[in-house]
Structures are given as C-alpha cells and as structure tokens.
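Please read the structure below before turning to the comments.
In this text the structure is predicted, and so the values were computed from the model without any measurement.
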Amino acid sequence: DLGAESGRAMLGTISENGININEIHRFRNIQIEDRGHIHWDVEYLRAELKTSFKKVVDTGINVLEGAAIDTWGVDYGIIGKDGNILGSPFAYRDHRTDGIMEKIFEIIPKNELYFLTGIQFMQFNTLFQLYSHFEQDRELRNNAGHLLHMPDLFNYFLCGEIVSEYTIASTSQILNVHNKIWEKKIITRLDLPFDILPRVIQPGIVIGKLQSEISRETGMHTVDIIASASHDTASAVAAVPSGTDNMAYISSGTWSLVGIETDTPIVDEQSLKNNFTNEGGVEGKIRFLKNTMGLWLLQGCMRIWSEDDQLLTYAGLVKLAEKAEPFTSIIDPDHQNFLNPPDMEEAIADFCRKTGQPVPGTIGEFSRCILESLAFKYSLIIKQINSITGKKIDSIHVVGGGSQNYLLNQFTSDATGLPVSAGPVEATALGNIIVQAAAKGEISGIEEGRKLIAQSFSQKHFEPGETGRWAEKYRKIRNIYSL
C-alpha cells in the first residue's frame, strides 16, 4: 500500500475465523525535485518492494497465494519503446499543470468532457498531466511506449505484464465512464498518442507471476501478481463494512473521499455543477464521490511546527484542538492556495485575513480550525449527495487513518447530524486483501470479505451532539466556499 507520504507491506491471512494483518515493512515515500519539478523516486520505491518480499521471507514464509499493489490515483510513468521507464514520474502536486485545464476546455468543452468521463475536475488529473507532459517534452512522442499508472507500473516491474487496472484507470479523466474503455475521442482531439494506453482489466484478475530474477534476489518463491482494486480509495471502499442502502462513506487520510456506492454512474447537470466524480469500484460498482482535502492540511502545518517541537504528535494536536475555542475561524479546505503551499500555516492565516476572520494564534487553534473546516465540508458534500441522488443519507462510515481522529469523527457527526461509525484503520490494505482472496477463490466475493472484516476489527461509534450550534455556524460561513 503506497501512499503519498509512506508505503507499507502488509501480510494478510484469511481463515474461517476472520482476517489477520501484520505490517511487515514501512518506508517513507520521498518526493525529489529536479529542475523545478516534483517527482516520485520510483527506483527507490522499486527497491523497497523487493525489501518487502525479503522481509516476508525473513518471517519464515516464502510462499504466498498472491501479492497486489495499491497506490494513490492519477500519477503515472511512461515506459519507453525499449521497455525501460522514461525518467521519474511527476508528482501530482507539481505546478506544471497550472492553467492546463482552461487550455483543454478551449479544445473540449468542460461539460462534454464531464459527460464522457464522469470525473471531477482537478488540475492534476492524468489527462491534464499528460497534455502538459507532451506539450513540454517534444521528444516524448517518439520515445513513449506505454502509459502506466503507478500501481500498473509496479506490477510491470514485478511480473513484466503491461495492463491498466480499471479502478486506477478511472481516475484519469480519459476513461469513458459508461463503457469503461479509453475514450479515443478525447485523446484524438488533444493530439495525444492513443496507442500508449494499455488494455483495461477489471480488479480481481491474476496478471502474472513474480519474475524469476526477483524471486532469486528476495528468496520469495513464485507468487501470483494480482490486479487488486489498485486505486487505494477503491480498496478502502471495498473494505467498508456493509450498512444501510443510504449509508455514506468517508475514506479519511491525506485526502478525504466522501461518497456512496452506486450500480451505475450519476452523470448529469447537477453532478457536474457540484463537481462530483464517478470512479470505478469492485464487482461493477461505481464510487460516486467528491475528493476533498483531508488531513493534508494538518500534515502541512505539522511539518512547520515539528521544526520547533520534535516531540509534537498528531495525537497531541488533537488534544490541543479539543481545548481551543470553537468556531473561531473556518476555511474552505479545497481552496487552491492549500494544494501545495510553501507554508501551510501562513496559507491558512492568509485565507482567514481575506475572509475577515480572526487568524488562529496557537497550534491548538490552527488544528481546531482545520478539523472543524473538514467537518463542515463533509456536511456540505453530504447535502449535495442527498440533493443529486434523491437519497436521504442516514449514517456515515469512516475508514482509513483519519478514523482514529476521535475529535474529527465527533465533529463530523455534529456537523452532519448523523451517526458516525469509524474503522477499520487499515481499510485500504484489507480491501486489497479481500479482492485478492476473491480472485484466488478463497472467498466468494466482496460481501463475504466485508463480513469477515466486520467480525475481525472493532469499530467506534459517535452520535450527534451540539447540532444546533453547528447548523447556526454553517449558515454564517457558507459563503466562504464560493471564493
């Protein structure tokens, strides 16, 4: 499971008693700067994958039923015609896509692009990155062989097969949301090469065997490399314990993904207006959701604060936020200035000044501002889902690292007026594992996997408290979201 800040190898075991997972290896994910651009250190990550296999072997296990990779969405590497990767993949927070969306909308109108792909507009979507990439690198057209999203790229390193797994491909804004194949019309009109896009496969397929060279190097016997739900959010949603038909989920981490599962895409004027996305899920499902900024805001501040206090922890920030005065300042987490500022604390202070609000003065006040703002944004998105779908969301299930943040969970319940269940923390790894298990016939499908997860991992529950105060504050600050 590779995230934007760190990666880890998780060993999962399934039995009739449930699922057990153990962290085998954890490592930082390092971004590197080169000539003013931000890249992923793919060779370093490739080495860490091998180290992960070695550490499994060190536990006395050299035979696995399967191995699968999930990562964040949209980013990709280009494999050259000689089979080697062309440079280090760009990181999605790189600023080379600034202004690219507007250039593309002059060629393909925004509403046409949305009705083809059903994908939320974010300037770092693969389509915008790719257009910028080919525009700035004139030699790329002659050398490019295949585009591989990050999990597909690592699968290629492990087993040599070139395929594009559906859930990760669906984040690209190049895949047709209705027929689930690449939309040639988009690529052709933007004068991009269509033949670099690999065959799309569904999650839960064995795509190859661990290459013999890696087996020899790591001591791991030949193992099936499986295309799991390789977009990390798709894996996390696959692990959400079953609830009512009107349950919403929040996959909470660096980003927050707030949405519902549907059988078919929801692509209409209202979903376009509210910038919702229709990403691929497992077993034919669609993840109708909105990507909104998550704990990235707190992580950005933490990088600054930890320079002065290296003993500061995220748990400590929550404690400080709990003691701070409520509703002092509220920000729009998705304002462009928070995407990748050099100083997150100053970016928040600047937003507060421009909106006529007090600037937080302490670490606790900044932390509370962030957590309250996230809860208000979740509430807004839930209201939009109700309006677009005609549903009446009756509960929320939070999974991922953010599910450990009890204060954010309580704020979410208060802001939405809905009961919130939290856990499991390791939803992404668990979703990855149950998709693998279904591919190998160890379980019948995702529903059985979800039941195993529910019986194996505890959940915490939060009930709405001071909903009146939250509703009153929301009415006062709604206008900040139109900035």
Side-chain angles (χ1 to χ4, degrees), residues 4 70-76 92 97 100-101 104-105 108 110-130 149 164-183 186 200 203 229-238 240 248-282 284-294 296 333-334 336 339 377-378 380-389 391 393 399-400 428 481:
D70 64 75
T71 79
W72 66 97
V74 305
D75 286 347
Y76 61 88
Y92 62 87
T97 55
I100 290 294
M101 281 202 304
I104 286 182
F105 294 157
I108 305 176
K110 181 177 181 179
N111 61 342
E112 181 182 357
L113 191 56
Y114 183 79
F115 277 89
L116 286 170
T117 66
I119 294 298
Q120 176 180 0
F121 291 103
M122 304 182 84
Q123 73 174 57
F124 47 69
N125 288 350
T126 311
L127 177 64
F128 307 127
Q129 290 199 50
L130 192 64
H149 284 97
S164 184
E165 188 274 321
Y166 165 59
T167 68
I168 198 76
S170 73
T171 70
S172 67
Q173 205 147 45
I174 306 173
L175 201 74
N176 185 296
V177 69
H178 304 288
N179 61 25
K180 301 177 182 179
I181 60 175
W182 300 115
E183 180 50 68
I186 294 172
V200 178
S230 60
H231 183 212
D232 52 12
T233 308
S235 276
V237 171
V240 174
Y249 57 77
I250 301 176
S251 178
S252 179
T254 300
W255 288 87
S256 295
L257 298 308
V258 186
I260 58 175
E261 270 192 325
T262 65
D263 292 323
T264 56
I266 301 173
V267 183
D268 56 27
E269 293 293 343
Q270 201 172 1
S271 65
L272 168 61
K273 177 184 176 182
N274 290 291
N275 206 20
F276 271 76
T277 202
N278 292 266
E279 294 176 351
V282 298
K285 295 290 187 179
I286 295 291
R287 293 175 289 124
F288 181 71
L289 58 87
K290 181 174 282 191
N291 289 275
T292 188
M293 200 68 75
W296 164 254
D334 294 320
Q336 187 174 3
L339 181 62
K377 196 60 182 273
Y378 300 161
L380 172 64
I381 295 171
I382 293 296
K383 288 180 173 66
Q384 291 173 339
I385 292 173
N386 285 336
S387 176
I388 293 169
T389 65
K391 282 180 175 286
I393 299 300
V399 296
T428 301
Y481 298 117

H178 to P265 - nearest heavy-atom pair and separation:
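Of all heavy-atom pairs spanning H178 and P265, the closest is ND1-CG, 4.5 Å.
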Judged by modelled atom types alone, do [X] and [Y] share a side-chain donor-acceptor pair under 3.5 Å?
{"X": "H149", "Y": "T126", "result": "yes"}
{"X": "D268", "Y": "S271", "result": "yes"}
{"X": "S387", "Y": "Q270", "result": "yes"}

D70 vs T167, side chain to side chain contact (heavy atoms under 4.5 Å, CB included): CA-CA, chis, key distance, verdict:
CA-CA 10 Å; D70 64 75; T167 68; over 6 Å; no
Are the side chains of [X] and [Y] in touch, meaning some heavy atoms are under 4.5 Å apart?
{"X": "Y92", "Y": "Q123", "answer": "no"}
{"X": "T233", "Y": "N291", "answer": "no"}
{"X": "M101", "Y": "I104", "answer": "no"}
{"X": "Y76", "Y": "S172", "answer": "no"}
{"X": "T292", "Y": "Y378", "answer": "yes"}
{"X": "V200", "Y": "W182", "answer": "yes"}
{"X": "I266", "Y": "N278", "answer": "yes"}

Mutual orientation of the aromatic rings belonging to F105 and F121 [parallel < 30°, tilted 30-60°, perpendicular > 60°]:
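Ring orientation, 0 to 90° scale: perpendicular.
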Determine whether more than 12 heavy atoms belonging to other residues, nucleotides or ligands lie under 6.0 Å from atom CD of E112.
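It does: E112 CD has more than 12 such atoms within range.
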Enclosure of K383 NZ (heavy-atom neighbours >12, cutoff 6.0 Å):
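Atom NZ in K383 is crowded, with more than 12 foreign heavy atoms closer than 6.0 Å.
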Under 6.0 Å between ring centres, would you say that holds for W255 and F124?
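Yes, ring centres under 6.0 Å apart.
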Indicate yes or no for a side-chain donor-acceptor contact from Y114 to the backbone of F276 under 3.5 Å, with no hydrogens or angles considered.
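Checked: pair present.
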Rounded to the nearest 0.5 Å, how far does CD of E183 lie from CG of L127?
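Atom-to-atom, L127:CG and E183:CD are 11.0 Å apart.
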